[in-house]
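To start, the structure under review is shown below, and the notes come after it.
First listed ligand is number 1; within each ligand, the first listed atom is number 1.
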Amino acid sequence: MTTQNSAVEADRALKSKHRAMWAQGDYPSLAAEVIPELGAILVEACGVRPGRRVLDVGAGSGNAAIPAALAGADVVASDLTPELFEAGRAAAEKQGAHLTWQEADAEALPFGDAEFDTVLSCVGVMFAPHHQEAAGELVRVCRPGGTIGLLSWTPQGFIGRMFAVMKPYAPPPPPGAEPPPLWGDEDHVRALLGDRVTDVRAERRTVRVERFETPEAFRDYFKERYGPTISVYKNLAGDPERTAALDGALVDLARDGDLGTGSGATVLEWEYLLLTARRAG
Ligand SMILES: C[S@@+](CC[C@H](N)C(=O)[O-])C[C@H]1O[C@@H](n2cnc3c(N)ncnc32)[C@H](O)[C@@H]1O
């Protein structure tokens, strides 16, 4: 096998591992119950209007794609994990949204150059392991003058910190894979997009999460439904001590983040970076 062939094979294996990771648990219910407003926030920031052709990358079950379709755009919801589309189709039907669902790796989008007026991703493209390749694809499929919009968890925010907490319990990432929360760092994203975009606007914001009564409830919910957390626990199977240590670390994270309003619920603020840019050219 040539070096190039083995690199292609290794990438294929990595992507099928990622697909299996996101297909387990129940990500669609998490998106709907915990962060349903984020997709609409991104769609509004991108100025999506009727008739616009919009691509959602890492669309999952349509958190951003569905509001974009409801805004009158012609939308393609793309994702590495087509298992998530079933829930997306059901949600779209319930809301009267019409859109297309297509399996696609963000690092090799099956679309032509400049096909879309708007290319957006709500905590999606950040999980593609090779950031420069993914950024290149976002730019390539967006028409000159079109909009690229990204909503990403920041490294210092709650979900960024959750990935840092899980890291010592996870297998080492494959060579060349970059950490997802780097997409929440404005300088990193500016460097990825480079001079192929203009008019970059970036703002750090938070989403308030009051879904969990206790820090333990947060941990158990993620343990049951969030693919990356489930995978880390699977890696610890047969090691009760390290499993207990991770259990404790996730509870500590939520306890530390709890704004403690005395309302009886755990109140968390999850920080994200909202970045929009115009495709140069
Ligand atoms: C946290 S979910 C976000 C889903 C949705 N955008 C939302 O806001 O609920 C991350 C998504 O990225 C997708 N994803 C991960 N790696 C990807 C890749 N290389 N290409 C395309 N999608 C990918 C996963 O399948 C998953 O649906």
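- Ion pair Glu83/Arg19 flagged as a salt bridge, since at least one NZ, NE, NH1 or NH2 atom sits closer than 4.0 Å to an Asp/Glu carboxylate oxygen.
- What sits closest to atom 9 (O) of ligand 1 on the protein, heavy atoms only, is Tyr27 OH, 2.9 Å.
- Cluster annotation: Leu120 and Val200 are assigned to the same hydrophobic cluster (Ile/Leu/Val/Met/Phe/Trp/Tyr, side-chain heavy-atom contacts under 4.5 Å, transitive).
- Between Tyr226 and ligand 1, no pair of N/O atoms sits closer than 3.5 Å.
- When hydrogens are left out, the protein atom nearest atom 26 (C) of ligand 1 is Asp79 OD2, 3.6 Å; that is the closest non-hydrogen contact.
- Of the protein's heavy atoms, Ala59 O, 3.3 Å lies nearest to atom 5 (C) of ligand 1.
- Between Tyr226 and Trp22, the gap from one ring centroid to the other is short of 6.0 Å.
- Ligand 1 places these atoms under 4.0 Å from at least one heavy atom of Gly60: 4 (C), 27 (O).
- A salt bridge does not link Arg205 with Glu269: none of the charged nitrogens is closer than 4.0 Å to a carboxylate oxygen.
- Inclusion of Ala106 in the set of residues having an N or O under 3.5 Å from an N or O of ligand 1 is warranted.
- A salt bridge links Arg140 to Glu137: one of the charged nitrogens lies within less than 4.0 Å of a carboxylate oxygen.
- Classification of Asp247 and Lys223 as a salt-bridged pair holds, one side-chain N sitting under 4.0 Å from a carboxylate O.
- When only interatomic distances are considered, the shortest N/O to N/O separation between Asp105 and ligand 1 falls below 3.5 Å.
- Short contacts between ligand 1 and Asn63, defined as distances under 4.0 Å to a heavy atom of the residue, involve ligand atoms 7 (C), 8 (O), 9 (O).
- Geometrically, ligand 1 and Ala31 share no nitrogen or oxygen pair separated by less than 3.5 Å.
- Salt bridge annotation for Arg219-Glu216: absent, with no cationic side-chain nitrogen under 4.0 angstrom from a carboxylate oxygen.
- Among protein heavy atoms, atom 22 (N) of ligand 1 sits closest to Leu80 N, 3.3 Å.
- Salt bridge Asp258/Arg255: absent, no basic N to carboxylate O contact under 4.0 Å.
- The nearest non-hydrogen atom to atom 21 (C) of ligand 1, considering only Ala128, Cys122, Gly88, Ala104, comes from Ala104.
- Here the protein heavy atom with the shortest distance to atom 10 (C) of ligand 1 is Val123 O, 3.3 Å.
- Between the side chains of Arg225 and Ser29, at least one donor N or O sits under 3.5 Å from an acceptor N or O.
- Taking every heavy atom of Phe127 and a limit of under 4.0 angstrom, the matching atoms of ligand 1 come to 1 (C), 10 (C), 15 (C), 16 (N).
- Near Leu84, meaning under 4.0 Å from one of its heavy atoms, ligand 1 places the atoms 27 (O).
- Taking atom 4 (C) of ligand 1 as the reference point, the nearest protein heavy-atom neighbour is Gly58 O, 3.4 Å.
- Under the 4.0 Å criterion applied to side-chain N and carboxylate O atoms, Asp74 and Arg52 are not assigned as salt-bridge partners.
- For Phe163 and Phe158, the gap between ring centers reaches or exceeds 6.0 Å.
- Not one N or O of Asp56 is nearer than 3.5 Å to an N or O of ligand 1, by distance alone.
- For atom 12 (O) of ligand 1, the candidate residues are Gly124, Pro180, Ala65; the nearest heavy-atom contact is made by Gly124.
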